[in-house]
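Structure first, commentary second.
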Amino acid sequence: MLKNILSHSWRKGAQALQKGNSVPALYTCWSQFHSGQILSSSRSFFGVEDFVDEDNSRPYTYKKEKRSKNPHKHISFKQRTIAYMEPFTLDVFISKRFVSASLTHRSTCRQVAVAGTNSKDIKAVLKSRSDIPACLSVGRFLAERAKEADVYTCTYTPREQDRFEGKIRAVVQSLIDNRINVKLYLD
C-alpha cells in the first residue's frame, strides 16, 4: 500500500516537474501523504517546524528529554544502595516569614513527618514565626511526629546556597536533642 502511494506521488511530482511548474518533485511527493495536510511551506504560521523528529513520534515543538552524555556510565554501589541504607532525608526551609521542616522517604518520595510555624498548633504559641526559638520548636515537633511514624534516623545535606549555621543548625540540633539521629553530609 505504501509502495503504491509513494510511486503514485513520485510520478505526480515528476509530471509536475516536466510540465515546467515551479513546484519541486520532492515537495509534491511529500505533500501527498504528510498527515493528510498539504503544506504550503516548510514552516508553519508561528515559525515552528511542522515536520516530525527522527523517531517520528512527536513534532519538534515538544521538548525532548535530556539524554545522558554517557549512557554506559558506571554507577557505584553506594549510589545504588544509599536510598535503601539511609531512607529518610531531612529538608529544612527557612524564609523571612516562617520555618518548615519535613522528613521524606527517598524511595517512595512520601513525607513521613512535617512541622512548620504556619501550622495552627505551633503558630498560636510563638511570638515570632522565623526566629531561633521558632526553629527549636519546629525541630521538637518534627521529632515527636517522626517518632510517631517510627523514624529514628535521617540524613541532612544542605542546599548549595545554605550554610549550616544559625536557624538551620537550630532545627537540626533540636532534632538531635530530641533523640533523632541526624547524619550530616557537609562539603
Trace of the side-chain contact (heavy atoms from CB on, under 4.5 Å) decision for Val171 with Val99: CA-CA 9 Å; Val171 172; Val99 177; 4.3 Å; yes
For a side-chain contact (heavy atoms from CB on, under 4.5 Å) check, start with the C-alpha distance between Val92 and Ile94, then their side-chain angles and the critical distance, and finish with the verdict. CA-CA 7 Å; Val92 180; Ile94 296 175; 4.0 Å; yes
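Residues Val112 and Thr104 fail the side-chain proximity criterion, which asks for heavy atoms closer than 4.5 Å. Between Asp131 and Leu126 the shortest side-chain heavy-atom distance does not fall below 4.5 Å. For the pair Arg97/Arg129, no side-chain contact is recorded, criterion being any heavy-atom separation below 4.5 Å from C-beta on. The shortest distance between side-chain heavy atoms of Thr157 and Thr89 does not fall below 4.5 Å. Between Ile168 and Asp162 the shortest side-chain heavy-atom distance falls below 4.5 Å. In this structure, the side chains of Ser137 and Val125 stay at 4.5 Å or more apart for every pair of heavy atoms.
By the 4.0 Å N-to-carboxylate-O rule, Asp121 lies too far from Arg140 to be salt-bridged with it. With respect to Arg159 and Asp91, a salt bridge is recorded, a charged nitrogen being found less than 4.0 Å from a carboxylate O.
Not one N or O on the side chain of Ser174 forms a donor-acceptor pair closer than 3.5 Å with the backbone of Ala170. Side-chain atoms of Ser130 never come within 3.5 Å of backbone atoms of Phe98 as a donor-acceptor pair (strictly under, hydrogens ignored). Although no hydrogens or angles enter the test, the distance criterion places a donor-acceptor pair under 3.5 Å between the side chain of Lys147 and the main chain of Asn178. Side-chain atoms of Lys183 do not come within 3.5 Å of backbone N or O of Cys154 as any donor-acceptor pair. Checked by atom type and distance alone, the side chain of Glu144 never pairs as donor or acceptor with a backbone atom of Phe141 at under 3.5 Å.
Note that CZ of Arg110 is 12.0 Å distant from CZ of Phe88, once rounded to the nearest 0.5 Å. In this structure, the separation between CG on Asn118 and NZ on Lys123 is 6.0 Å, given to the nearest 0.5 Å. Here Ile180 contributes atom CD1 and Leu103 contributes atom CG; the two are 7.0 Å apart, rounded to the nearest 0.5 Å. Atom OG1 of Thr153 is separated from atom CE of Met85 by 11.0 Å, given to the nearest 0.5 angstrom.
The cluster map of Ile, Leu, Val, Met, Phe, Trp and Tyr, joined by side-chain heavy atoms under 4.5 Å apart, puts Ile132 and Phe164 in different clusters.
Using modelled atom types and a 3.5 Å distance limit, the side chains of Arg106 and Thr155 yield a donor-acceptor pair.
Within 6.0 Å of the OH atom in Tyr185, the count of heavy atoms belonging to other residues, nucleotides or ligands exceeds 12. By the neighbour-count criterion of 12 heavy atoms within 6.0 Å, atom CZ of Arg80 is densely surrounded, having more than that number from other residues, nucleotides or ligands. Within a 6.0 Å sphere centred on CD1 of Ile75, other residues, nucleotides and ligands contribute 12 heavy atoms or fewer.
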